[in-house]
Amino acid sequence: MARSALDEMSASGAFARTASTFRNFISQDPSSEFPAEAGRYHLYVSYACPWASRCLAYLKIKGLEKAISFTSVKPIWERTKQSDEHMGWVFPASDTEQQGAEPDPLNGAKSIRELYELASTNYTGKYTVPVLWDKKLKTIVSNESAEIIRMFNSEFNDIAGNPDLELYPPHLQAKIDETNEWIYDGINNGVYKCGFARKQGPYDEAVTKLYEALDKCEDILGKQRYICGDTLSETDIRLFVTLIRFDEVWISVSQLGTKSCHRLGQS
């Protein structure tokens with residue numbers, strides 16, 4: 001049976017995200033299964049999805065537009081097949097149907113689900129974005145955004161337009177990893193735990209953790225320009241793509257009341 005994030009519930013009624021399935025890694029090593037080559041890879045995204053948007057942000061700021069193409073699906077889930085009730089990401093039928101979205105230029109797929117089924121006939125997981133697609137092998141390289149941005153940061157520098165931008169610098173890696181952990185738990189994934197909780201207890205716990213993490217960010221950013229120190233890092237990108245959607249999306253979707261991001265820090 002086709003699944004989505006709405007099916008990821010624990011017995012307590014809490015949202016419990018499952019791990020991504022496709023976890024291959026593109027490498028600068030030309031002998032690797034997935035070598036970094038211009039024109040070989042394609043990124044499928046939704047502008048509505050923060051996980052996909054962090055990958056698109058990396059593609060842009062690293063100057064990889066000429067090396068890696070991308071396509072966006074429609075921003076609202078629709079039926080992915082007529083044979084069942086699964087709702088998910090779909091492509092428009094034409095370039096003019098939905099602003100910003102385009103038909104699949106590579107496989108003629110009608111939905112992201114079809115891409116997963118092309119990559120694995122036995123796949124039983126979620127049909128999520130981002131999808132990093134290998135045009136040569138006609139398969140999914142990765143659907144894990146945290147790993148895709150690491151690839152974009154380091155493995156394409158020989159063909160990137162902005163290779164000197166280092167978003168995971170060695171001297172900050174321990175700090176970035178530690179900060180990513182609590183921001184992911186409290187904010188990036190926290191908004192989903194609030195919105196998808198099916199019982200009051202898990203919802204209350206997630207909301208408390210969310211606002212504690214937001215307050216912690218407010219305190220840090222009140223003292224320094226970037227979340228991990230004196231330079232832009234991947235943690236800033238990961239945080240930004242959730243915060244930019246907070247007031248417009250998550251407050252209503254996750255029933256978070258009136259404490260919006262632009263009011264944080266105000267008495």
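Note that the structure is predicted; figures quoted are calculated from it, not measured.
Contact record, S120 with F22: CB-CZ, 4.3 Å, taken as the closest heavy-atom pair. Across all non-hydrogen atoms, the minimal contact from P75 to S46 is CA-OG, 4.2 Å. Nearest heavy atoms, T71 versus P103: CG2-O, 3.9 Å. Across all non-hydrogen atoms, the minimal contact from G100 to S72 is O-CB, 3.5 Å. Minimum heavy-atom separation, R245 to S53: NH2-OG, 2.6 Å. What you find for T80 and V90 is that their closest heavy atoms are CG2-CG1, 4.2 Å.
Exactly one of F70, W89, F91 qualifies for a ring-ring contact (aromatic ring centres under 6.0 Å, His included) with Y44. That residue is F91. For the pairing with T235, the side chain to side chain donor-acceptor pair (under 3.5 Å) check across T179, N180, D177 returns one residue only, N180.
Counted by atom type alone, T242 and N188 present one or more donor-acceptor pairs between their side chains at under 3.5 Å. D29 and S31 form a side-chain donor-acceptor contact under 3.5 Å, judged by distance and modelled atom types alone. No hydrogens or angles considered: nothing links the side chains of S142 and N24 as a donor-acceptor pair under 3.5 Å. T128 and Y116 share a donor-acceptor pair across their side chains, judged by distance under 3.5 Å alone. Defined by atom type and a distance below 3.5 Å, a donor-acceptor pair is missing between the side-chain atoms of Y127 and N143.
Side-chain N or O atoms of R40 include none that pairs as donor or acceptor with a backbone N or O of A36 at under 3.5 Å. Between the side chain of K126 and the main chain of T21, no donor-acceptor pair closer than 3.5 Å is present. Checked by atom type and distance alone, the side chain of D84 pairs as donor or acceptor with a backbone atom of H86 at under 3.5 Å. Panel note: side chain E117, backbone Y123; no donor-acceptor pair is recorded below 3.5 Å. Side chain of K62 to backbone of N153: a donor-acceptor contact under 3.5 angstrom is found. In this structure, the side chain of E155 engages the main chain of Q28 through a donor-acceptor pair within 3.5 Å. For D236 (side chain) and S233 (main-chain N/O), a donor-acceptor pair under 3.5 Å exists by modelled atom type. Using a distance-only test at 3.5 Å, with no hydrogens or angles considered, a donor-acceptor pair links the side chain of N162 to the main chain of I61.
More than 12 heavy atoms of other residues, nucleotides or ligands shown are found within 6.0 angstrom of CD on Q224. With a 6.0 Å radius and a threshold of 12 heavy atoms from other residues, nucleotides or ligands, E248 has its CD atom at or below the threshold. The neighbour count for I220 CD1, taken as heavy atoms of other residues, nucleotides or ligands under 6.0 Å away, is above 12.
When the side chains of ILVMFWY residues are joined at heavy-atom separations under 4.5 Å, either directly or via intervening members, L165 and F240 end up in two distinct hydrophobic clusters. Following chains of ILVMFWY side-chain contacts shorter than 4.5 Å, one cannot reach Y58 starting from I244, and the two form parts of different hydrophobic clusters. By the rule that hydrophobic residues join a cluster once side-chain heavy atoms approach within less than 4.5 Å of another member, I148 and V129 end up as members of separate clusters. Grouping the Ile, Leu, Val, Met, Phe, Trp and Tyr side chains by contacts below 4.5 angstrom, directly or via other members, places L167 with I149. Neither W51 nor V45 shares a network with the other; the hydrophobic side chains, linked directly or stepwise wherever heavy atoms of I, L, V, M, F, W or Y lie under 4.5 Å apart, form separate groups for each.
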Could you give me the CA-CA distance, side-chain angles and deciding distance for K193 and E205, then say whether salt bridge (charged side-chain N to carboxylate O under 4.0 Å, His left out) is met? CA-CA 9 Å; K193 290 191 288 185; E205 181 180 349; over 6 Å; no
Please step through side-chain contact (heavy atoms from CB on, under 4.5 Å) for the pair I187 and F246, ending with a clear verdict. CA-CA 10 Å; I187 301 175; F246 194 86; 5.9 Å; no
Residues Y41, D134; criterion side-chain contact (heavy atoms from CB on, under 4.5 Å); working and verdict: CA-CA 5 Å; Y41 302 101; D134 184 342; 3.9 Å; yes
Residues E234, F152; criterion side-chain contact (heavy atoms from CB on, under 4.5 Å); working and verdict: CA-CA 11 Å; E234 75 169 42; F152 288 0; over 6 Å; no
Evaluate the side chain to side chain donor-acceptor pair (under 3.5 Å) criterion for residues S69 and K135: first the C-alpha distance (whole Å), next the side-chain angles of each, then the deciding distance (0.1 Å), finally the verdict. CA-CA 10 Å; S69 51; K135 301 177 189 177; 3.3 Å; yes
Decide side-chain contact (heavy atoms from CB on, under 4.5 Å) for V141 and W133; before the verdict, give the C-alpha distance in whole Å, the side-chain angles of both, and the deciding distance to 0.1 Å. CA-CA 6 Å; V141 179; W133 183 265; over 6 Å; no
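How far SG of C55 is from CG of L64: 11.5 Å, rounded to the nearest 0.5 Å. If you take OG1 on T231 and NE2 on H171, they are separated by 6.5 Å, rounding to the nearest 0.5 Å. The CD atom of Q99 sits 12.0 Å away from the CD atom of E102 when rounded to the nearest 0.5 Å. Here the straight-line distance linking atom NZ of K216 with atom NZ of K209 works out to 11.5 Å at 0.5 Å rounding. Here the OG-CZ distance, from S145 to R150, works out to 11.0 Å after rounding to the nearest 0.5 Å. Taken from CG in N189 to CD1 in I183, the straight-line distance is 13.0 Å, to the nearest 0.5 Å.
In this structure the side chain of S32 never reaches within 4.5 angstrom of the side chain of I26, judged on heavy atoms.
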